[in-house]
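I have placed the structure first, in the form of structure tokens, so that the comments after it can refer back to it.
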Amino acid sequence: MFGLLFGLLEELVAQEFEVMLLEGKHVVVIGGSQGIGYQTARLARQSGAEVTIVGRSLSKLNEASERLGKVHTAVADITDEAAINCLFTTIEQVDHVYIAAGSFVGGQILEGSVEQFRPAIESRLWGSVYVIRAAVPKMVSSGSVTLTGGLSTERPVPGAWVTAVATAAAEQLSRALALELAPIRVNAVSPGWTDTPMWDAIFGESKPQAFQEVTSKIPTRRLATAEEVASSVIFLMTNSSITGEVIHIDGGHRYV
């Protein structure tokens with residue numbers, strides 16, 4: 001009984017500590033209407049932060065806002081530099097930014113047109129650059145930026161070369177800018193296979209079978225949830241001694 005009570009007390013203290021760290025902070029989540037971005041916004045709200053979620057779809061933002069409660073919403077495409085600049089002119093101060101925007105782009109390098117591959121690089125690299133250039137001047141010195149890489153950086157697969165290059169670019173950008181933007185901290189999360197709406201469009205009805213095949217191979221025998229990845233983002237926001245790091249949330253998939 002004593003052990004149970006001690007565990008509950010420890011959990012409450014940890015939760016209160018996290019709330020204190022984000023209380024009164026402004027967190028901006030690019031790609032915050034669904035998936036990992038949405039869960040990050042939700043956890044940030046629970047931790048006492050003022051939250052702005054940004055996305056391309058007004059209807060999805062409105063749906064997310066209804067579920068999240070009191071959050072700000074803004075429509076902007078991360079690959080549109082003018083739109084991103086306009087967004088941040090309306091924000092007085094930013095404490096933390098998480099860039100969840102980014103998509104899977106498949107295709108063999110010798111097939112199709114080059115144009116079909118550009119969105120992967122545009123969103124994860126240049127989109128991140130647009131956000132950072134607009135947001136950092138509004139940041140306090142204790143602020144942070146968290147980017148999104150991915151398993152494909154270390155475990156590329158045939159037919160997804162551009163996604164691997166894009167996630168690698170995001171992760172390397174976090175390392176380089178941790179030095180250039182100091183004392184503002186820059187980190188990245190690197191999710192493995194995570195059950196998010198992105199995969200619905202890719203696999204359709206075959207998603208359960210695809211996920212089952214993946215889970216049978218990875219050490220944890222399960223996929224990470226969007227909330228688990230989001231909790232790593234919150235950790236990077238609130239731990240002021242971490243910068244230039246990439247946190248892997250992939251169940252050890254990159255080792256097999």
Side-chain angles (χ1 to χ4, degrees), residues 15 18-19 21-23 25-80 83-84 87-88 91 94-104 119-120 123-124 127-128 131 135 144-151 163 166-167 170 187-204 207 211 222-238 247-251:
Q15 290 176 351
E18 186 173 84
V19 168
L21 286 175
L22 285 182
E23 186 74 41
K25 305 296 184 181
H26 187 187
V27 174
V28 178
V29 181
I30 311 294
S33 64
Q34 59 183 0
I36 297 168
Y38 171 83
Q39 292 296 339
T40 299
R42 185 180 66 81
L43 293 179
R45 278 281 297 126
Q46 289 182 355
S47 299
E50 177 186 0
V51 175
T52 297
I53 57 174
V54 183
R56 294 179 297 179
S57 169
L58 178 60
S59 61
K60 289 181 180 179
L61 286 170
N62 288 339
E63 291 173 7
S65 178
E66 289 179 6
R67 297 194 303 272
L68 290 169
K70 188 179 179 182
V71 297
H72 308 290
T73 61
V75 177
D77 186 332
I78 193 173
T79 63
D80 185 339
I84 293 299
L87 162 67
F88 281 96
I91 298 175
V94 181
D95 292 283
H96 304 287
V97 171
Y98 172 50
I99 303 175
S103 60
F104 173 88
S123 60
R124 296 214 189 242
S128 296
V131 171
S144 75
V145 177
T146 305
L147 309 179
T148 303
L151 175 66
T163 297
T167 56
N187 296 288
V189 289
S190 178
W193 286 67
T194 308
D195 191 355
T196 64
M198 178 184 75
W199 296 111
D200 296 335
I202 295 171
F203 289 122
K207 187 177 81 168
F211 280 2
R222 58 179 289 271
L223 301 185
T225 65
E227 183 176 4
E228 287 173 323
V229 181
S231 69
S232 297
V233 178
I234 299 298
F235 169 71
L236 290 172
M237 289 180 185
T238 56
I247 294 185
H248 300 273
I249 313 99
D250 61 10

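All residue numbers refer to positions in the sequence shown, counting from 1. On a predicted model such as this, the values are computed, not experimentally measured, just so you know.
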With sequence neighbours left out, what residues match [X] under side-chain contact (heavy atoms from CB on, under 4.5 Å)?
{"X": "N62", "value": "L58"}
{"X": "T196", "value": "I36, T194, M198, W199, A226"}
{"X": "E228", "value": "R222, A224, T225"}
{"X": "T148", "value": "Y98, R124, V189, P191"}

Could you tell me the separation between the [atom1] atom of [X] and the [atom2] atom of [Y], rounded to the nearest 0.5 Å?
{"X": "D95", "Y": "L21", "atom1": "CG", "atom2": "CG", "answer": "12.0 Å"}
{"X": "E50", "Y": "I91", "atom1": "CD", "atom2": "CD1", "answer": "9.0 Å"}
{"X": "I99", "Y": "T40", "atom1": "CD1", "atom2": "OG1", "answer": "12.0 Å"}
{"X": "L151", "Y": "T163", "atom1": "CG", "atom2": "OG1", "answer": "11.5 Å"}
{"X": "S232", "Y": "I247", "atom1": "OG", "atom2": "CD1", "answer": "5.0 Å"}
{"X": "T73", "Y": "E66", "atom1": "OG1", "atom2": "CD", "answer": "11.0 Å"}

Acceptor/donor pairs from residues 26-35 side chains to any protein atom, 3.5 angstrom cut, sequence neighbours excluded:
residue : atom : partner : partner atom : Å
H26     : ND1  : Q93     : O            : 2.9
H26     : NE2  : T52     : OG1          : 2.8

What residues form a salt bridge (charged side-chain N to carboxylate O under 4.0 Å, His left out) with [X], not counting sequence neighbours?
{"X": "E227", "value": "R42"}
{"X": "R45", "value": "none"}
{"X": "D195", "value": "K207"}

Of the non-hydrogen atoms in [X] and [Y], which two are nearest, and what is the gap between them?
{"X": "A170", "Y": "L147", "answer": "O-CD1, 3.3 Å"}
{"X": "S123", "Y": "I78", "answer": "O-CD1, 3.8 Å"}
{"X": "A76", "Y": "I84", "answer": "CB-CD1, 4.2 Å"}
{"X": "L87", "Y": "A74", "answer": "CD1-CB, 3.4 Å"}
{"X": "A188", "Y": "T146", "answer": "CA-CG2, 4.2 Å"}

Side chains of L68 and Y38: does their closest heavy-atom pair fall under 4.5 Å? yes
Any side-chain heavy atom of L43 sitting closer than 4.5 Å to one from S231? yes
Residues that D250 engages under side-chain hydrogen bond (donor to acceptor under 3.5 Å, both in side chains), provided they are two or more places apart: R254
So, does S65 use its side chain to make a donor-acceptor pair with the main chain of L61 at under 3.5 Å? no
